[in-house]
Structure formats: C-alpha cells, structure tokens
Amino acid sequence: MTSIAIIGPGAIGGTVAAWLAQDSDFAITLCARTPLEDLRVETPGRVLTAKPKVLTDPAGAEPVDWVLVATKAYDVESTRPWLDRLVVQGTRVGIIQNGVEQVRLFQHLVPPERLVPVIINLPAVRSAPGRIVQSRQGFIWVPAGDNGDALVALFAHTGIEAVADPDFISRAWIKLCGNCGAIVPSLTLRATGPVWSAELEAIVRALAEECAAVGRAEGATIPQSVIDGVVDNARTSPEGSVAGSLHADRLAGHPMEVDARNGVIVRLGEKHGIPTPVNRMLVTLLAASGSPWLQ
Ligand SMILES: NC(=O)C1=CN([C@@H]2O[C@H](COP(=O)(O)OP(=O)(O)OC[C@H]3O[C@@H](n4cnc5c(N)ncnc54)[C@H](OP(=O)(O)O)[C@@H]3O)[C@@H](O)[C@H]2O)C=CC1
Ligand SMILES: CC(C)(CO)C(=O)C(=O)O
C-alpha cells in the first residue's frame, strides 16, 4: 500500500486525489484548510467519487510515501506544518503548481533531492469544497529521472496521462507562455476574442514573446509555433469564457498568482538583461486595480 497525502484539495488537488483514490493500492489523505466530506469530480468521461481520510489539523498527520502539494503558488509557507509532519526520509514531494519556480519555492522546506516539480495541463473548477468539474483530459509532466519516473507510476491507472520529460525546463516554460496571456482578461474582466484588434494582438503576442525570450535564456527550447498558439487561443476565446484559474480568481475576488505567472518573467528578465515591458506594465496595472491579495 502506497500512502499519498495531498496538501490543498482544491480544483487541481481534489481532481488528482479523486483519480488516485480509484486505485485500491493507494491510501489517500487530504490535508485541507477548509473541511470537506468527500470528493465528487465530473470528468469528461465519468463522474469520480471518493471518500478519502480528511485532516484539517497538521497535528494529526503522519509520515507518508508521497506528498503532492496543490496549493496556489502564494500559499507555500502555510504548508510548512503539514510538511513537517508528513515528510520523513524516503518521502517524495511533488509540487503541482503553475509557473517555473516549484523547486525554488519549496527547497527551504523539503530537501531538493526529494522534490518533484509537476506541470499539469488540466482545466478544473471547484464550485464548493470537494465539488469539481474537470473540463478536458489531464496531462502531467515531470523531469525524467528516478523521482519523475516514480511519480509517473502513481498515475498509471488514472485518466491523467503522466510523462517524464528529459527536457522538463522547456515543458515548464512552454506552459508559462500559455499562461502569461491570461493577465489580459484578468485585467479587462472579459474574454479577449470578442474585442480582438491588432493592438490587443500585439499585447498578447508581446507577453508570450517576452516569456519565450526569458525562458530561452533560462535554457528552454520554445518554438515560434508556441507563441502563435497563444495568440490563436486568445483570438478565438468566446464571449463569457474564463481564461483559466488566474481570470477565475480575479472574478471571484480571490488572491491571484500574478507573481508566479507574470512577475517571474519580469524578475528573471532582469537577471538576464532582457526587457519585459509588457509583462511589467500589466503586472503594475493589475496591482493598481485595487485587487485584494495580489501576489
Ligand atoms: N484550476 C486549474 O484549472 C489549474 C490550476 N493549475 C495550478 O494548480 C495550482 C492549484 O490551483 P487550483 O487547484 O486551481 O487552486 P484552488 O484555489 O482551487 O486550490 C488550492 C487549495 O489549496 C488549499 N490550501 C491553501 N493553503 C493550504 C494549506 N496551508 N493547507 C491545506 N490546504 C491549503 C486551498 O484551501 P481552501 O479550500 O480553503 O481554499 C484550496 O483548497 C495553482 O498553481 C494553479 O495555477 C494548473 C493547471 C490548471
Ligand atoms: C489554462 C489552464 C487551465 C491549463 O491547464 C491553466 O493552467 C490554468 O488555468 O491555470
């Protein structure tokens, strides 16, 4: 029996937990901030239900084989009491978060050789604790190697396709290119497609171009087709659509992962001497919008 604790059973953590809970070889524990009774996840193919053990107090947590952290990137420090109880020698810790800094954010809490950064492509929305809709098939990428292979093995019997990628850095930056454009609808509170113009296209393209330039300086290989794909997605987004979790958080008045998704492009751009004026400007505008908890 493999024991797996999921810290942060929100949209992503709850969906991942529900898939893993279908495997009777796994003992799943949800480490939650807000209590929940059980999980009900509508996936494209079927409805998953599960009733794993739920803890809301780290004092009740015991060491496990695996920890999967699926909090937002700004909720790192608050996971410390959980990690202190769950992680012992031999525990591996997967960080399922957007961005490119999963290891940097957690390496003061977990020995880096036990950390597995995870990129996930899986659109999920939580309507209430434990109630989630996964709207497309899910994919996971981890770095190739022992830790990555072990994480991939966890997902062997789930509907989430997990791959260990020898070029993980490119995978992470390509995902960030896809995510960084969502700052536009998060500012305008409206899908970009219906108001598309040459000027809006220039902004979306520049966000992705800046991200790709910084990513390449960090060692990623990012083809031009990635940037064209970001622009196409923004151009074709229909009225009323929500451009992922950043936009959803802004609409709900929740904290936003702006630093992990756009601020990082500005910070690492400075390190490499690469100008990132469009990301910088939109981060500044979002900060000036008075949104609570912009992080
Ligand atoms: N949603 C999506 O479609 C996608 C999201 N991602 C990324 O996945 C990550 C998770 O996002 P998402 O699932 O949407 O976020 P959610 O806000 O839905 O879930 C985060 C969860 O973490 C919980 N949490 C925060 N701090 C703690 C803590 N100290 N202890 C226990 N639980 C805690 C929250 O508790 P509470 O219940 O109290 O809010 C919430 O349940 C982000 O990095 C996001 O960018 C990636 C791909 C797609
Ligand atoms: C765009 C999406 C849904 C892709 O998984 C995502 O990463 C997010 O909304 O944070």
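Both backbone and side-chain heavy atoms feed into the values below; hydrogens, waters and symmetry mates do not. The model shown is predicted, which means the values in this text are computed figures rather than measured ones. For the single chain, residues carry numbers from 1 onward in sequence order. Note that ligands are numbered from 1 as they come in the structure, with each ligand's atoms numbered from 1 the same way.
- With a 4.0 Å cut-off on non-hydrogen atoms, D75 touches ligand 1 through its side chain and not its backbone.
- Polar contact check, K175 against ligand 1: no nitrogen or oxygen pair lies under 3.5 Å apart.
- Close contacts between ligand 2 and S245 involve ligand atoms 8 (C), 9 (O), 10 (O) [criterion: under 4.0 Å to a heavy atom].
- Those atoms of ligand 2 with a heavy atom of G244 less than 4.0 angstrom away are 9 (O).
- Heavy-atom proximity to W82, at under 4.0 Å, picks out these atoms of ligand 1: 30 (N), 31 (C).
- The residue V125 has no part lying near ligand 1, judged by heavy-atom distances below 4.0 Å.
- Taking any N or O of I7, backbone or side chain, none lies under 3.5 Å from an N or O belonging to ligand 1.
- Interface atoms of ligand 1 facing S245, defined by a heavy-atom separation under 4.0 Å, are 1 (N), 5 (C), 45 (O).
- With a heavy-atom cut-off of 4.0 Å, L122 touches ligand 2 through its backbone alone.
- For ligand 1, the atoms sitting less than 4.0 Å from at least one non-hydrogen atom of Q97 are 43 (O), numbered in the order shown with element in parentheses.
- Of all atoms in ligand 2, numbered sequentially from 1 with element shown, those under 4.0 Å from a heavy atom of N179 are 1 (C), 6 (C), 7 (O).
- In this structure, H247 does not count as a contact residue of ligand 2, since none of its heavy atoms falls inside 4.0 Å of the ligand.
- Ligand 2 lies within reach of R261, whose nearest heavy atom is under 4.0 Å from it.
- For the residues P123, A260, A243, G99, the heavy atom positioned nearest atom 3 (C) of ligand 2 is part of P123.
- Ligand 1 has at least one atom lying under 4.0 Å from a heavy atom of C31.
- Taking distance alone, with nitrogen or oxygen atoms compared against 3.5 Å, I12 approaches ligand 1 more closely than that limit.
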